[in-house]
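Just so it is clear, the structure is predicted and the values come from calculations on it, not from any experiment. Order of the sequence lines sets the chain letters (A, B, ...), proteins ahead of strands, with each chain counted from 1.
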Amino acid sequence: MSAALSSLSIQDEISAAILQILRAAKPELTCEIPEKLALERPKNRDHGDYATSIALALAKPSGLAPRKIAEIIQAGLIARRDIDSVDIAGPGFINITLAKSSQGGVIVKILQSRKSFGQGNVLDGVKVNLEFISANPTGPLHLGHTRWAAVGDSLGRVLTAAGAKVTREFYVNDRGVQMDKFGASLQSAALGQARPEDGYHGAYIDDLAKEIITGNPEVLKLSGEEQTNSFRDIGYKLQLAQQQSVLDSFGTHFDIWFSEKSLYDNNFFTHCQEVLKSKGHVYQLDGATWLRTTDFGDDKDRVMIKSDGSMAYFASDSAYYISKRERGFDICIYMLGADHHGYVGRLKALAACNGDDPEYNVHILIGQMVKIMEGGEEVKLSKRAGTIITLEELVEKVGVDAARYTLIRYPVDTPMVMDVDILRSRTNENPVYYVQYAHARICAVLRNATDVGVTYGADQIHPELLLHERERELIGALGEFPRVVAGAAQLREPHRIARYVEELAGVYHRFYSDCRVLPLGDESPSELHSARATLCLATAQVIANGLDLLGVSAPEKM
RNA sequence: GCGCCUGUAGCUCAGUCGGAUAGAGCAACCGCCUUCUAAGCGGUAGGCCGCAGGUUCGAUUCCUGCCAGGCGCACCA
C-alpha cells in the first residue's frame, strides 16, 4: 500500500481537527466528545464544501449555546491553510469552504492509487464467510439466484475493498430427499414414464435425462433403486457443472463449493453434536434430538435428528455453521430468499447456542422477490411448470453488465421489477448505459487530447485553475468514493456503489456540457485544458473502480 | 393469530447513524449538436415522505399503535 493511500483525505483531516479542537476546549466544554465525526457534503452550494451539525448535537449535553460551540470550532479552524472560510449558519450549522488550491489533493491521490483508490481498512483483517446462492443442484439457476449471484459477488468485492478477508462459498445440498426426487424424475424421463407427482417437471429434466443416457448408456441396463441412484448421481454432476459454468460466464466465482454430504464424513457431524451438547442446549424428546434454540429467542426448538434416526435439515445447518466457525471465520454472512426469512431466528439462536455473539458473528441478508417484465407484462415464474426464467435466459435477453448492474442497484430488502425493455434501451432511463457512457465519453476525450497535444497527468493538475462550479462539484464527488465504499461494506449494501457511480456519472456529464475540455478551433493548448483533462482522467479511474466493485465493465468505446 | 419486509412525485425507485428549500430517471411541456461520443445537457410542472400519537430545539428518518401490500410460521428440504 502506497503512502498516499494511508494518508488521510482532506475531510478526514478536518473532522479530526474539529474533534481535536473540541477536546482541547476543556474548561468550557465539559461533555463527552464523540469518537468520530462525519462531515457531510451539503446539498446546497451556499453551505460550503463540507458541513457539520456537531455544535447543535453538543449543545444540550454541554449546556452551551450551539452558536457558542460553533464559534470555538470556527476560531480553531480558520487558521488552516487548506480552509478558505468557516461560516456559522442558522442555529449553529458549521459550513466549511476549502481553499481552491487544496482541492487538488484528491486528484493526486486518485492518480497515484489508481485501481486501489477507494480501498480502505474499516474491516481490516476480519475473516468473512460469504455464503450465497446455494441453490439445489437439481435444476438451473433462476432469477432469485441471479439476484444473489450479482449482489453476493459485488458484496464480496466491496468487503474485500474494505480490508476484509473474504471467502465466497456455495453450499451444495447434495444429499437428502430432494436429490432422490431428482434422480427419480430423471429416471422416469429417460424411460418415458410418468414423472413422480412431487418430482421435478421442467423441460430441462428431459434434456438432462437424454444427456445422461447418451453419455452413460450403461445406466439403462441397471434397474430399480440402483438405476435411480445412478441417474441421481450422474445428473447431479452434470447439473452442478452447468450451474458452475453459467456462474462463471456471469463473472461470479466461488472459492469453495461446500458439499452438504461432507458434513457427515469422518464423524464431523458427531463432533458437532458433541460441541453443542457440551454447551448444554441439546435434549432428547419423543425419540428425537433437539436443539433448544428457544433459549435464544427462536419461536420453537428445532429438531436435528428425527425419531426415525434420519437427519433433519437443521442438522446440516448446525454442523455447517460450526464448520464455518471452526475454519476461523469471524463473520458468517448468509444471503437468503424472502421465503426463508423464518431462518433468521434459528440461525441466530444456533450461533448463540454455540456460545457466539449472534449480532456480530452472524449476518443474514434477506432478498425480496424479483419480477421480470417484458412487453408490459410480467413474465411468470413457475419452477413446477418448467417456465422458470433462468440466469442464462436473463443474460441472453439483456447481457451480463445490464443484468448485474440492475440487480445490484436496489437494496436487497425491497422487491424489485426488472423491465427487459428498459434494460435493452440505450438512454437515460437505463442507468447501466448512463454510467458506462460517461466512462466511454471520457476515454474519447482523452484520446482526442493526445491527438491535439493536450498533456495530462499527475503533474498537470493545476487545482487553482479549476474554479468553475462544475469542476468543484466533480472534485467533491470524486472525494466521496472511499467513504461510500466503507459505508457499503459496513452496511453490506453494495447498491450504494451503484447509486454513487450514477451520481458521479451525472456530475461528469454536467461538467462536460459546461466546461470545454479541449481547445476549440485554432486555440492552442493551455494549462486549463491540461487541468481539465487530468480531472477527466481521475473521473474515469473512479468510475472504473466503482463499476469494478459491481463486476460491471467500463468500456472505452460505445 | 404470531413474525419479517415494504408503503416517498402519475410510474419505477433512491435518500434518512434526526438537521438547513425532500432527490433521480421515465412519462408531460419548452429548449440545446457548423468542433471533445446528443447513449448527453438545461428548464417548467409534479410531494399531507401510508395514517395517528410520542420523544426532540428539530422527525420523512427514532418509538408505539393502526391501515394496506408481499412473504413466512413442519420430526419438508
Side-chain angles (χ1 to χ4, degrees), chain A residues 36 38 40 42-44 46-47 51-53 56-57 59-60 66 89-93 95 136 138 173 175-179 181 198 260 285-290 299-300 302-317 337-345 366-369 373 409-417 419 422 425-434 436-438 440-449 451-452 454 487 490-491 495-496 498-499 502-503 505-506 508-521 523 529 532-533 536 557-558:
Chain A
K36 278 185 184 172
E40 55 182 77
K43 294 160 208 155
N44 189 332
D46 297 336
H47 299 154
T52 175
S53 57
L56 291 164
K60 191 164 198 183
F93 293 105
N95 297 328
N136 284 342
T138 53
N173 300 118
R175 61 175 290 282
V177 179
Q178 291 306 316
M179 286 306 297
K181 285 180 183 169
D198 57 351
E260 180 188 357
L285 181 71
D286 300 335
T289 303
W290 300 68
D299 27 357
K300 58 194 72 165
R302 303 294 167 181
V303 169
M304 293 191 290
I305 305 174
K306 297 189 236 176
S307 51
D308 66 2
S310 64
M311 299 300 161
Y313 193 70
F314 192 64
S316 296
D317 285 340
D339 53 343
H340 285 66
H341 75 249
Y343 278 46
V344 175
I366 299 296
Q368 296 293 324
M369 298 295 167
M373 303 286 288
R409 133 174 228 269
Y410 301 93
V412 291
D413 53 12
T414 58
M416 66 168 292
V417 178
D419 189 321
I422 287 178
S425 74
R426 304 178 147 203
T427 62
N428 271 4
E429 64 185 319
N430 189 347
V432 196
Y433 284 103
Y434 184 77
Q436 290 185 320
Y437 181 63
R441 206 178 209 190
I442 295 172
C443 292
V445 170
L446 294 178
R447 282 191 296 268
N448 297 340
D451 292 345
V452 299
V454 170
Q490 285 176 307
L491 297 167
H495 78 273
R496 287 167 184 270
R499 298 292 171 166
E502 283 168 39
E503 171 66 24
Y508 179 77
H509 286 311
R510 288 190 282 279
F511 156 82
Y512 177 88
S513 44
D514 289 356
C515 301
R516 175 80 200 188
V517 177
L518 301 179
L520 263 175
E523 204 182 341
H529 296 129
R532 285 180 171 170
C536 287
K557 281 184 185 170
M558 285 174 78

Exercise for review: Please identify each residue that fulfils side-chain hydrogen bond (donor to acceptor under 3.5 Å, both in side chains) with Thr289(A), with sequence neighbours left out.
Suggested key: Gln284(A)

Practice item. Under the ring pair (Phe, Tyr, Trp, His ring centres under 6.0 Å) rule, collect the residues that match up with Tyr512(A), sequence neighbours excluded. Key: none

I'd like a list of close polar pairs between nucleotides 55-57 of chain B and the protein, N/O only, cut-off under 3.5 Å.
unit_1 : atom_1 : unit_2   : atom_2 : d
C57(B) : OP1    : Lys60(A) : NZ     : 3.4

Review point. Considering residues at least two apart in sequence or located in another chain, which fulfil the ring pair (Phe, Tyr, Trp, His ring centres under 6.0 Å) criterion with Tyr434(A)?
Key: His509(A)

Check your understanding: Sequence neighbours excluded, which residues qualify as side-chain hydrogen bond (donor to acceptor under 3.5 Å, both in side chains) partners of Asp451(A)?
Key -> none

Exercise for review: Quick one: list whatever passes side-chain hydrogen bond (donor to acceptor under 3.5 Å, both in side chains) with Asn448(A), sequence neighbours left out.
Suggested key: none

Revision key, fill the gap. Applying ring pair (Phe, Tyr, Trp, His ring centres under 6.0 Å) to Phe314(A) and not counting sequence neighbours gives none

Check your understanding: What does nucleotides 23-32 of chain B look like as a protein-contact string, B for base, S for sugar-phosphate only, - for none, at under 4.0 angstrom between heavy atoms?
Key -> --SS------

Review point. Sequence neighbours excluded, which residues qualify as side-chain hydrogen bond (donor to acceptor under 3.5 Å, both in side chains) partners of Arg496(A)?
Key: Glu493(A)

Exercise for review: Could you list the residues that satisfy salt bridge (Lys or Arg N to Asp or Glu O under 4.0 Å) with Asp299(A), not counting sequence neighbours?
Suggested key: Arg302(A)

Check your understanding: Which stems does RNA chain B form, counting runs of 3 or more consecutive Watson-Crick or G-U wobble pairs with both distances under 3.5 Å?
Key -> B:1-7 with B:67-73, B:10-13 with B:23-26, B:28-32 with B:40-44, B:50-54 with B:62-66

Review point. Which nucleotides of nucleotides 70-77 of chain B have their base under 4.0 Å from a protein heavy atom (B), which only their sugar-phosphate (S), and which neither (-), written as one string 5' to 3'?
Key: -BSSSBSB

